[in-house]
Amino acid sequence: AQRVTQPEKLLSVFKGAPVELKCNYSYSGSPELFWYVQYSRQRLQLLLRHISRESIKGFTADLNKGETSFHLKKPFAQEEDSAMYYCALNNAGNMLTFGGGTRLMVKP
Amino acid sequence: DTAVSQTPKYLVTQMGNDKSIKCEQNLGHDTMYWYKQDSKKFLKIMFSYNNKELIINETVPNRFSPKSPDKAHLNLHINSLELGDSAVYFCASSQVSGRSYEQYFGPGTRLTVT
């Protein structure tokens with residue numbers, strides 16, 4: 001069975017500091033991984049997906065199959081990055097398995 | 001606006017009641033979903049519905065039943081509500097046939113059972 005683990009429930013950093021939100025997964029097939037973000041009082045929205053290998057709002061994430069990880073990184077955090085971040089794995093049935101979420105707080 | 005919409009936004013009801021939450025998407029997607037977000041912000045898939053094929057997460061009680069009158073709607077009906085059903089329920093949709101797995105989420109329905 002697939003599983004997504006986000007070990008940190010809360011991550012607090014100062015503005016301008018680097019950020020890394022950890023995500024580890026277990027899945028027997030070829031994984032499709034995503035990061036979703038939920039800003040305060042807003043709906044969940046896609047931030048980025050591993051197949052795109054793109055940078056969105058300064059965030060990047062690299063799939064490391066050896067370590068079964070898909071950590072989300074940003075070199076310089078901004079206050080507007082404060083939100084809940086969810087790592088998600090798409091299974092063969094096209095349903096997302098979410099990690100427990102990490103709340104990122106960026107302090108001024 | 002093209003989007004996924006849900007009604008109602010808030011729902012407060014008593015234990016034992018039956019209630020429904022409606023979801024509509026006008027994105028032309030072929031697959032719709034229901035997720036439950038508990039008080040600890042943990043998100044869990046409940047159902048996936050694609051071309052009249054329903055995939056149920058086995059942990060969902062049978063008091064929960066999705067109903068899809070057409071491809072653009074997937075409503076969630078809940079019988080005999082319990083305190084533990086209190087949560088935020090999110091509807092989502094995606095276009096699976098085109099291998100675009102991005103899911104678009106609705107704004108959520110906050111259900112409170114008293």
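In what follows, every heavy atom counts, from backbone to side chain, and hydrogens, waters and symmetry copies are set aside. All chains are named by letter (A, B, ...) in the order of the sequence lines, taking the proteins before the strands, and each is independently numbered beginning at 1.
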Original post:
Do you know which of B:Lys40, B:Lys44, B:Gln37 has the most heavy-atom pairs with chain A at a distance under 4.5 angstrom?
Top reply: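 Counting heavy-atom pairs under 4.5 Å, the top option is B:Gln37.
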
Cluster question for you: counting only ILVMFWY and a side-chain heavy-atom cut-off of under 4.5 Å, with indirect links fine, are [X] and [Y] together?
X: A:Met105; Y: A:Leu72; result: no
X: B:Met46; Y: B:Leu83; result: yes
X: B:Phe42; Y: B:Ile45; result: no

[X] atom [atom1], over 12 foreign heavy atoms within 6.0 Å:
X: A:Lys15; atom1: NZ; answer: no
X: B:Arg63; atom1: CZ; answer: yes
X: A:Glu80; atom1: CD; answer: yes

Greatest number of non-hydrogen atom pairs under 4.5 angstrom with chain B, of A:Arg41, A:Arg103, A:Gln38, falls to A:Gln38

Taken to the nearest 0.5 Å, the spacing of B:Glu102 CD from A:Arg49 CZ works out to 5.0 Å

- Query: Does the ring-ring contact (aromatic ring centres under 6.0 Å, His included) test come out yes or no for B:Tyr35 and A:Phe98, once each step is laid out?
  - Reply: CA-CA 10 Å; B:Tyr35 290 87; A:Phe98 284 91; 5.5 Å; yes

Between B:Val4 and A:Arg43, the two heavy atoms sitting closest are O-NH1, 2.9 Å

Is the side chain of A:Tyr36 donor-acceptor paired with the backbone N or O of B:Gln103 at a distance under 3.5 Å, no angle test?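 Such a contact is found between A:Tyr36 side chain and B:Gln103 backbone.
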
Item checked: Contact check, side chains of B:Leu43 and A:Leu96, non-hydrogen atoms, under 4.5 Å ->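 Side chain of B:Leu43 against side chain of A:Leu96, heavy atoms only: no contact under 4.5 Å found.
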
